[in-house]
Amino acid sequence: MAGMEEWDDKDLVMISAIQHYSYCPRQCALIHLEQTFTENIHTIQGRFVHEKVDQPDSVITEGIRYETALPLWSGRLGLIGKGDLVEFHGDIPYPVEYKHGRKKHQIHDELQLCAQAMCLEEMLDCAVPKGAVFYFSSRKRREVLFSPILRQKVEEITLHIRELFKDGQLPPAVADTRCNECSLSESCVPELVGNRSTLKRLTKELFTVNQ
Ligand code: SF4
């Protein structure tokens, strides 16, 4: 992997961590710092969808080359990961990220895709202006343009994640609607850690019972 020699393994950031961090920093830390993983309906669906693209393969159809499970990296940003699907329209790569569920706007999916594009640009020395998120349930794609703002956000989040790894502390729980779909809610217990007054009340109740 050209350009990666200068990075310590501990400082490399997985591209998927960008999606996790932008969804919830605590989720990112639980997965990438503490290696916590729990299945729920969303992770099972996600695994099923990714089985379609998790083996490296290369196929050319009607002049377009389709590469699945393509290794990606950026020596400049210290990012590594793989692209579910990268289409090559001539010399221009077009990354496609597979997600379960129906077509919807999710900034964290866009950031993950944009990080893939930035890796491809550096690896292949070309411009990657756009890509798409493919939603398996609705079989629909949503095209994403890689704007300067999106690119800047990818760089900022990569730095935040590296700081998080150095710090080694779990960030506070967001304790909002994001937790409803999070597979880690049982390990995280957001209703306790996100709400100090609840924690205080439960501690008081426990203390009272033990008197
Ligand atoms: S349960 Fe909520 S706070 Fe905890 S990791 Fe998931 S989204 Fe973040």
Side-chain angles (χ1 to χ4, degrees), residues 9-51 53-54 72 77-84 97-116 133-138 142 144 149-206:
D9 285 355
K10 65 178 173 38
D11 292 326
L12 290 174
V13 172
M14 298 290 294
I15 293 173
S16 60
I18 291 175
Q19 196 251 11
H20 297 137
Y21 188 94
S22 63
Y23 186 80
C24 166
R26 185 174 175 87
Q27 187 196 66
C28 178
L30 282 166
I31 294 172
H32 297 272
L33 261 181
E34 302 204 343
Q35 277 75 49
T36 306
F37 183 75
T38 318
E39 287 276 39
N40 72 356
I41 185 65
H42 301 292
T43 59
I44 292 167
Q45 286 172 335
R47 198 151 39 78
F48 171 76
V49 168
H50 280 95
E51 275 169 12
V53 284
D54 71 353
L72 301 174
L77 297 172
L79 285 173
I80 50 166
K82 64 180 180 177
D84 288 340
E97 173 65 20
Y98 275 48
K99 296 291 175 196
H100 73 83
R102 307 189 77 75
K103 191 174 167 184
K104 58 194 165 202
H105 181 266
Q106 305 258 46
I107 185 68
H108 35 275
D109 294 341
E110 292 188 4
L111 288 162
Q112 182 181 11
L113 187 67
C114 184
Q116 294 174 9
V133 182
F134 174 69
Y135 296 92
F136 195 75
S137 300
S138 51
R142 189 166 60 79
V144 178
I149 291 174
L150 207 56
R151 290 164 182 272
Q152 189 188 337
K153 202 86 193 139
V154 167
E155 298 209 15
E156 286 170 7
I157 290 176
T158 304
L159 293 178
H160 287 314
I161 293 170
R162 200 163 285 123
E163 284 304 310
L164 178 70
F165 290 173
K166 274 200 190 111
D167 184 41
Q169 301 290 318
L170 280 181
V174 292
D176 61 19
T177 51
R178 282 172 279 184
C179 304
N180 301 341
E181 295 196 351
C182 178
S183 64
L184 302 182
S185 56
E186 277 189 25
S187 321
C188 169
V189 206
E191 61 276 27
L192 288 186
V193 293
N195 185 334
R196 286 180 187 281
S197 61
T198 308
L199 187 57
K200 239 168 134 180
R201 178 175 56 74
L202 288 174
T203 310
K204 195 173 163 198
E205 281 172 10
L206 185 67

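Just follow the structure's listing: the first ligand is 1, and inside any ligand the first atom is 1. These figures come from a predicted structure and were not determined experimentally.
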Hey, can you tell me if Phe165 and His32 have their rings parallel, tilted or perpendicular (30° and 60° cut-offs)?
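Plane angle between 30° and 60°, so tilted.
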
Heavy-atom donor-acceptor pair, Tyr23 side chain to Arg178 backbone, under 3.5 Å
yes

Is it the case that the side chain of Arg142 and the backbone of Val133 share a donor-acceptor pair, with hydrogens and angles ignored and the cut-off at 3.5 Å?
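Not a single qualifying donor-acceptor pair exists.
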
Interatomic distance, OG@Ser16 vs CD1@Ile31, rounded to 0.5 Å, equals 7.5 Å

At what distance, to the nearest 0.5 angstrom, does CG of Leu170 lie from OG of Ser187?
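Here the interatomic distance stands at 10.5 Å.
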
Heteroatoms of the protein, restricted to N/O/S, which lie under 2.8 Å from atom 6 (Fe) of ligand 1:
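Listed by chain and number, the atoms are Cys182 SG.
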
So, using side chain to side chain contact (heavy atoms under 4.5 Å, CB included) as the criterion, who are the partners of Arg151 when residues are at least two apart?
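Residues passing side chain to side chain contact (heavy atoms under 4.5 Å, CB included) with Arg151: Cys114, Met118, Glu121, Phe146.
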
